[in-house]
Amino acid sequence: MSQTVDRALSILPLLAEGPADLGQVADRLGVHKSTALRLLRTLHEHGLVYRQSDQRYRLGARLFALAQEAMENLDVREIAHPHLVRLNETCGHTVHLAVYEENEVLYIDKVESRYPVRMYSRIGKPVAITVAAVAKLLLADLPEHERRAVAEKLDYPTYTSRSTPNAGAFLRELEKVREQGWATDLGGHEESINCVAAPVRGADGRVVAAMSVSAPNVVVTADELLTLLPLVRRTADAISGEYSGRTPVKGTV
């Protein structure tokens, strides 16, 4: 039975490459045409493959509907939370998860620092979009024309001397973030707070959320916080793998 299931499932990535006839499917599976036909008929009955008028097979609409339904029911916060907790237990600093919705970047999860000096961020509260590391990651992933349109509409408050001054500087920073795959806020919002962040990606490679570690200067220096970047990126990669279904669930730290 397991071999039959394995063979049937092996047909799907083949058809993802494009329509294929019975002979091509049989050759790819290394089975007789009668076996391949039996597998294709079963998949066809469940709407997972479709037989075209030219007798070639392609992926069926039911498969796309199932994929869409699964994506809509995924909760990135629920998936990410255990990873955020483990990261917090390892480093001790405040850990955030944020998403981009309706022209705002919002915190959707937070694990508090174990140190007495804490951040006053709140779940559901918009971040300072022109300086926050999580915002840079989320906006950097937008298509260029959309990224530019967003940047040109924003105001650029001078929170500190290190705040982003204007749209041009912001776009240059977003391009840098896009290329390197991580972001920082080193005193851009509050002089005494530093932050490093990494992206959480979906199955299509797009950024669906961003996670960060933040700490005040009185606890760790900016240079010390930056040494945590590999750990932050591994955690984000683990969340991405679980969210997209690419990797088995396992510990990240």
Side-chain angles (χ1 to χ4, degrees), residues 64 67-80 83-84 95-110 121-160 162-189 193-214 226 229 232-246:
F64 297 106
Q68 181 63 34
E69 185 176 355
M71 289 300 297
E72 290 174 353
N73 289 327
L74 280 178
D75 183 344
V76 68
R77 181 185 180 278
E78 181 179 351
I79 290 170
H83 297 273
L84 305 184
V95 182
H96 286 110
L97 183 71
V99 296
Y100 181 59
E101 291 183 356
E102 298 180 357
N103 299 317
E104 288 185 322
V105 175
L106 306 169
Y107 289 129
I108 60 171
D109 202 1
K110 177 184 181 181
S121 55
R122 296 197 307 272
I123 295 174
K125 181 181 178 181
V127 310
I129 197 168
T130 59
V131 291
V134 288
K136 294 173 185 177
L137 284 164
L138 291 160
L139 295 182
D141 191 60
L142 297 175
E144 184 179 359
H145 69 281
E146 189 174 346
R147 196 161 70 235
R148 183 171 296 278
V150 170
E152 291 175 349
K153 291 179 182 177
L154 292 174
D155 295 323
Y156 292 86
T158 304
Y159 300 107
T160 75
R162 296 181 180 180
S163 298
T164 308
N166 52 53
F170 192 46
L171 287 168
R172 288 191 294 274
E173 177 70 6
L174 294 184
E175 186 59 36
K176 175 184 174 182
V177 167
R178 188 180 179 92
E179 290 177 1
Q180 67 188 17
W182 51 275
T184 62
D185 170 15
L186 304 179
H189 187 218
I193 302 292
N194 298 304
C195 175
V196 294
V200 174
R201 299 181 184 275
D204 59 358
R206 298 295 305 275
V207 176
V208 296
M211 55 150 297
S212 66
V213 170
S214 304
L226 284 169
L229 180 60
V232 174
R233 297 186 76 179
R234 286 199 301 272
T235 302
D237 287 346
I239 298 169
S240 300
E242 189 175 338
Y243 181 79
S244 64
R246 293 196 307 269

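The basis for the numbers below is simple: all heavy atoms, side chains too, and nothing from hydrogens, waters or symmetry mates.
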Review point. Got a second to check how far L84's CG is from I79's CD1, nearest 0.5 Å?
Key: 11.5 Å

Revision key, fill the gap. Minimal heavy-atom distance between T160 and H189, with the atoms involved, is CG2-O, 3.6 Å

Practice item. Search all heavy atoms of A151 against all heavy atoms of A167 and return the closest pair with its distance. Key: O-CB, 3.6 Å

Review point. Within the distance-only criterion (no hydrogens, no angle test), does the side chain of S163 pair as donor or acceptor with the backbone N or O of T158 below 3.5 angstrom?
Key: no

Check your understanding: Closest approach of V76 and A209, non-hydrogen atoms and distance?
Key -> CG2-CB, 4.2 Å

Review point. Taking everything shown except E152 itself, do over 12 heavy atoms lie less than 6.0 Å from its CD?
Key: yes

Review point. Judged by atom type as modelled, is there a donor-acceptor pair below 3.5 Å linking the side chain of R162 to the main-chain atoms of G187?
Key: no

Study note, to complete from the structure: The reported gap from OG in S244 to CZ in R206 (rounded to nearest 0.5 angstrom) is 15.0 Å

Exercise for review: Kindly determine whether I239 and M211 satisfy side chain to side chain contact (heavy atoms under 4.5 Å, CB included), including the steps that lead there.
Suggested key: CA-CA 10 Å; I239 298 169; M211 55 150 297; 3.9 Å; yes

Check your understanding: Looking at NE2 of H83 and CG of L97, how far apart are the two atoms once the value is rounded to the nearest 0.5 Å?
Key -> 11.0 Å

Exercise for review: Kindly assign one of parallel, tilted or perpendicular to the pair Y107 and H96, based on the angle between their ring planes and the thresholds 30° and 60°.
Suggested key: parallel

Check your understanding: From L229 CG over to T184 OG1, what is the distance, rounded to the nearest 0.5 angstrom?
Key -> 9.0 Å

**Study point:** Side-chain touch D141/Y100, heavy atoms, less than 4.5 angstrom
**Key:** no

Review point. Heavy atoms, side chains only, cut-off 4.5 Å: are F170 and L139 in contact?
Key: yes

Check your understanding: Are V208 and V99 close enough that some pair of their side-chain heavy atoms sits under 4.5 Å apart?
Key -> no

List, one per line, each side-chain donor-acceptor pair under 3.5 Å for residues 125-135, sequence neighbours excluded.
none

Point to revise | Main-chain N/O of V177 paired to K136 side chain as donor or acceptor, under 3.5 Å | key: no

Review point. To the nearest 0.5 Å, what is the distance between CD (E144) and CG (L171)?
Key: 8.5 Å

**Study point:** Test item: V213 and T235 side chains (from C-beta on) under 4.5 Å apart, heavy atoms
**Key:** no

Check your understanding: At their closest point, which heavy atom of A236 faces which heavy atom of P199, and how far apart are they?
Key -> CB-O, 3.3 Å

Exercise for review: Hey, could you give me the CD/OH distance between E78 and Y243, rounded to the nearest 0.5 Å?
Suggested key: 12.0 Å

Point to revise | Contact summary for L142 and R178, nearest pair of heavy atoms | key: O-NH1, 3.4 Å

Check your understanding: Is Q180 atom CD crowded by more than 12 heavy atoms from other residues, nucleotides or ligands, each under 6.0 Å away?
Key -> yes

Revision key, fill the gap. Minimal heavy-atom distance between A98 and V105, with the atoms involved, is CB-CG1, 4.0 Å

